Structure formats: C-alpha cells, structure tokens
2 protein chains.
Amino acid sequence: MPKDAKNSKKPLPCGRIRPSHTPHVGGKDEQLRLLQERLDGYTKGKGLNSSASRNHILEIIAEQGAHFSPTQLIQKVSLRFPNVGPATVYRNLTLFIEAGVLRQTLTASSGETLYEVETEEHHDHIVCLDCNEIFEFHDESIEKSQDRVASSMKFKPENHWHVIYARCEQLKRK
Amino acid sequence: MPKDAKNSKKPLPCGRIRPSHTPHVGGKDEQLRLLQERLDGYTKGKGLNSSASRNHILEIIAEQGAHFSPTQLIQKVSLRFPNVGPATVYRNLTLFIEAGVLRQTLTASSGETLYEVETEEHHDHIVCLDCNEIFEFHDESIEKSQDRVASSMKFKPENHWHVIYARCEQLKRK
DNA sequence: ATGAATGCAAAGGTTTTGCACCCCC
DNA sequence: GGGGGTGCAAAACCTTTGCATTCAT
C-alpha cells in the first residue's frame, strides 16, 4: 500500500485540503528555527555537541511537518543525505524526544508507531480511513470526562492516547 | 459476575484485585467453548478445515483470558505444545481476528501491539503505570462527545482507540 | 585532548514467506 | 483427491549495538 506524503495543496481524495498539522505557526523555515532552538536549549544544558547529521535530520522533520514513522523519515533522510544511515536517525529520534522536540504519538492503522513535533497544546487524533490522512482535535468535555472516569476508578491520569478512526462523509457521497 | 477460583485474589502491587478482563462470563472452560463456537461459525461459513494446532492455540488464549502480545502467546504455546511454532501462531492470530474471536486492542507502554478476546460491549482501557496492569472502562458521555466531535469535522467515526495511562493513587500513598 | 557523534556492519527481535508434507473434508 | 493447514527454515524487516573513526569544543 503506497503512501505518498506530498505536502502539496492538492486536495485529498475526500475533497479536503490537507491539514497543516504541527507547524501551527509560520512556514518551514520558521518551524526549523523553532525546533533548532528547543534542541539547542537541551544540548547546551547537557553539554552535548552539535553535528551536521543531526541538523540534517531536523531539517527533514521540519519540512515534512506531519506525523511520520521512523521508516518514512529514514527514507527521506537517506535520499537527500545518503551517508546518514538508520542508526543515526534512530539515535537522534531518541534524543529529540528527550529534548522535547518530538513526541511519540499514535499507532497508524498499519501498526507502526508515529512521531510528531511536540506542540504546546495537547491534542488527539482522527485518522481518516479513506484518505489515510491524520487530523487533530481537542475537546474539553472529553478531557474532563476522562479525568472523572479515572479518578472514579481511583487512578491519577498522567497521559492518554485517543485516536478516532473515521471515514470522510464527503467521500462516501461520491 | 461469576468468579473463577483460578482468577485468584492475590492483590496487585497497588493493593487492588487483579481485573478479570475478558472472561466476563463463566470460567476458562466456558470461555473456551464460546470462542470455539464463534470460530466454528466462521470456518464453517468459509469452508475451512479445523486443526489440532489451531485448537491448542485457542485453548491457551482462553486460559490466559487477558490482553496479550503475540510474543507472550508464542511462548506459552510453545511451552505446552513444543511443535507449534511462531508461524502457526501468527497465521492463526490473523484468522482469529477475521473470525471475530480476537481484536487488536492497544499499544502497551512497551510499544507492543496487544490482542484481546472480542467482547459484545465496547470498552476502552486504563493502563496502570505503577503495576502495569490493564483495566477497562466505558463512559457513555465520552462516546457521545466523540461522535459529536467527529461529525462536527464531517467524519463518520467507525472505531476508536482510547487508552488512559495513569497511576494508582493507593500506591502513591505508600 | 577528550568526550560526543557518526558510519558501517553485525546482531537481535519480530513477523512473513516458501515449500514439502500431512490432514481434514 | 484436492485444497487447507502445518512445521521448519529462510527471508524480510525494523531497531539496536559494537567499534573504529571523525568531529566539536
């Protein structure tokens, strides 16, 4: 099942505009600068070095600006920077998470774990079963109910993972 | 809610009783019979054969009666039935899902995909970060909000995956 | 100079596949 | 008899690790 993540304005199969995802502000360059800043803050504090490969990987992430699997990232990276191998990508993914640049986010319908750029505001996901695209939502009443349910079971919620798999109504109408 | 003597009362690290999970009715034997019935319904309809190995795997699943990873299942199976290998287990897991006997359910904190026995009523999950045990919940208002959110975004929800990661308050009090 | 980071290759783990053989209908 | 199912081994993947080398500070 081929999955092409071209970031064009071409509407999705269901007639929607592709969601802009994580770059909630600014364009790719803005996004990259922001990520770099966060990363630098972390590495500075830990006394870590910088490296060309690391910046290259971050560059690809900023461009792609969406939910992605390690494999997708590795492919894009090795296309543009053929000498940067999977090991380096994986090592840096780990680092990016520690640095608060990325977070692990959801399991695609394929079963792969996906990553996304860390954002200020919490959000959950809707995965479209027709076009395979990932949308975001946030609903305060769900959040509240969640807390209520957890504490009624004497749990203290720390985190959650809420994905709705759905179909475009527009597509169905075709 | 009948109690199975085997589903013992040894409390979890956090002081709770271990949840009974999927065998919502009856004991292991009852559970096995139910699964077998569902499976037979499917295989009959498709003109598939039966097999000893398949039944052995189902037997282990019925005994285990909780959320499990392929790896865990493979280990238990090969312990009791040393000639049943991973390939057979995987092939049957796929079949069991098609047959509506199992469903893929959530990603453990380790990242593994887990399976569970398909039940009538939908439920979601709370994973305890202290004792690693998996509990279930169902909340009508969350379900409703979910539908509302999805349709406000012009989606038709088909399915969802909602996991709360939480801590036992009792444990924290220690 | 001294850790950090990389690149490469090899190892680890999990899941799938090919194929000859066996078994159920 | 014929197709489904199995067992074994190999292949295919994805991810991690070891190690010598390069790089940043």
Side-chain angles (χ1 to χ4, degrees), chain A residues 1-3 36 39-61 67-99 101-102 104 107-115, chain B residues 36 39-61 68-99 101-102 104 107-115:
Chain A
M1 23 183 108
K3 169 103 195 220
Q36 210 114 41
L39 178 59
D40 288 352
Y42 179 80
T43 52
K44 247 67 170 180
K46 285 249 174 183
L48 302 180
N49 292 345
S50 80
S51 96
S53 294
R54 181 173 299 155
N55 292 335
H56 290 149
I57 296 169
L58 204 62
E59 186 185 324
I60 304 273
I61 289 175
H67 308 82
F68 60 90
S69 67
T71 306
Q72 288 168 341
L73 182 60
I74 287 165
Q75 281 173 353
K76 290 193 181 173
V77 166
S78 81
L79 206 80
R80 177 127 32 113
F81 308 103
N83 53 335
V84 176
T88 303
V89 172
Y90 276 108
R91 285 191 273 236
N92 279 296
L93 276 178
T94 309
L95 182 82
F96 291 161
I97 286 183
E98 285 166 15
V101 168
L102 293 184
Q104 237 163 326
T107 299
S109 30
S110 64
E112 280 180 315
T113 300
L114 302 185
Y115 293 77
Chain B
Q36 211 113 41
L39 178 59
D40 288 352
Y42 179 81
T43 52
K44 248 67 169 180
K46 284 250 175 182
L48 302 180
N49 294 344
S50 79
S51 96
S53 293
R54 182 173 298 155
N55 292 335
H56 290 149
I57 296 169
L58 204 62
E59 185 185 323
I60 305 273
I61 290 175
F68 60 90
S69 68
T71 306
Q72 288 169 341
L73 181 60
I74 287 165
Q75 281 173 352
K76 290 194 183 175
V77 166
S78 81
L79 206 79
R80 177 125 33 112
F81 307 104
N83 53 335
V84 177
T88 303
V89 173
Y90 276 109
R91 284 191 274 235
N92 279 295
L93 276 178
T94 309
L95 183 81
F96 292 161
I97 286 182
E98 284 165 16
V101 168
L102 293 183
Q104 238 163 325
T107 299
S109 31
S110 64
E112 277 181 316
T113 300
L114 302 186
Y115 294 78

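Here the structure is a predicted model, which is why all the values come from computation and not from measurement.
With values rounded to the nearest 0.5 angstrom, B:R54 atom CZ is found 5.0 Å from B:L95 atom CG. Once rounded to the nearest 0.5 Å, the distance linking NE2 of A:H56 with CG of A:N92 reads 12.0 Å. Residue B:S53 holds its OG atom at 12.5 Å from CG of B:L58, rounded to the nearest 0.5 Å. Atom CG of A:L93 sits about 9.0 Å away from atom CD of A:Q104, to the nearest 0.5 Å.
Here D:dG7 presents its C1' atom at 14 Å from CD1 of B:I74, a figure rounded to the nearest Å. Between the NE2 atom of B:H56 and the C1' atom of D:dG5 there is a distance of 14 Å, given to the nearest Å. With rounding to whole Å, B:L93 atom CG is found 15 Å from D:dG5 atom P. The distance from atom CG of A:L95 to atom P of C:dT6 is 9 Å, rounded to the nearest whole Å. Residue A:E98 contributes atom CD, which lies 14 Å from atom C1' of C:dA5 at whole-angstrom precision. Protein atom CG of B:N49 is 8 Å distant from nucleotide atom P of D:dG4, rounded to whole Å. In this structure, A:F81 atom CZ and C:dG7 atom C1' are separated by 16 Å, rounded to whole Å. For the pair B:K44 NZ and D:dG4 P, the computed distance is 16 Å after rounding to whole Å.
When the nucleotides D:dT16, D:dT6, D:dG5 are ranked by their closest atom to the side chain of A:A87, D:dT16 comes out on top. Of the candidates D:dT6, C:dG7, C:dA5, C:dG7 carries the atom nearest the A:T88 side chain, counting heavy atoms from C-beta on. Checking C:dC24, C:dA4, D:dC14 against the side-chain heavy atoms of B:S50 singles out C:dC24 as nearest. Nearest to the side chain of B:S51, among D:dT6, D:dA24, D:dG7, sits D:dT6. When each of C:dG7, D:dG7, D:dG5 is scored by its nearest atom to the side-chain atoms of A:V84, the top-ranked nucleotide is C:dG7. The side chain of A:R54 lies closest to C:dA5, out of D:dG7, C:dA5, C:dT14.
For the OP1/OP2 pair of C:dT6 and a distance below 4.0 Å, the side-chain nitrogens and oxygens of A:N92 include at least one atom meeting the criterion. Contact between the side-chain N/O atoms of B:S53 and the OP1/OP2 oxygens of D:dG7 is found at a separation under 4.0 Å. Residue A:R91 places no side-chain N or O under 4.0 Å from the OP1 or OP2 atom of D:dT16.
The residue among A:T71 and B:G47 whose nearest nucleotide of DNA chain D lies closer to the 5′ end is B:G47. Each of B:A52 and A:I57 lies near DNA chain C, and the nucleotide nearest A:I57 is the one positioned closer to the 5' end. Map A:T43 and B:T94 each onto its nearest nucleotide of DNA chain C; the residue landing nearer the 5' end is A:T43.
The main-chain N or O of B:L39 is found under 3.5 Å from a side-chain atom of B:T43 such that the two form a donor-acceptor pair.
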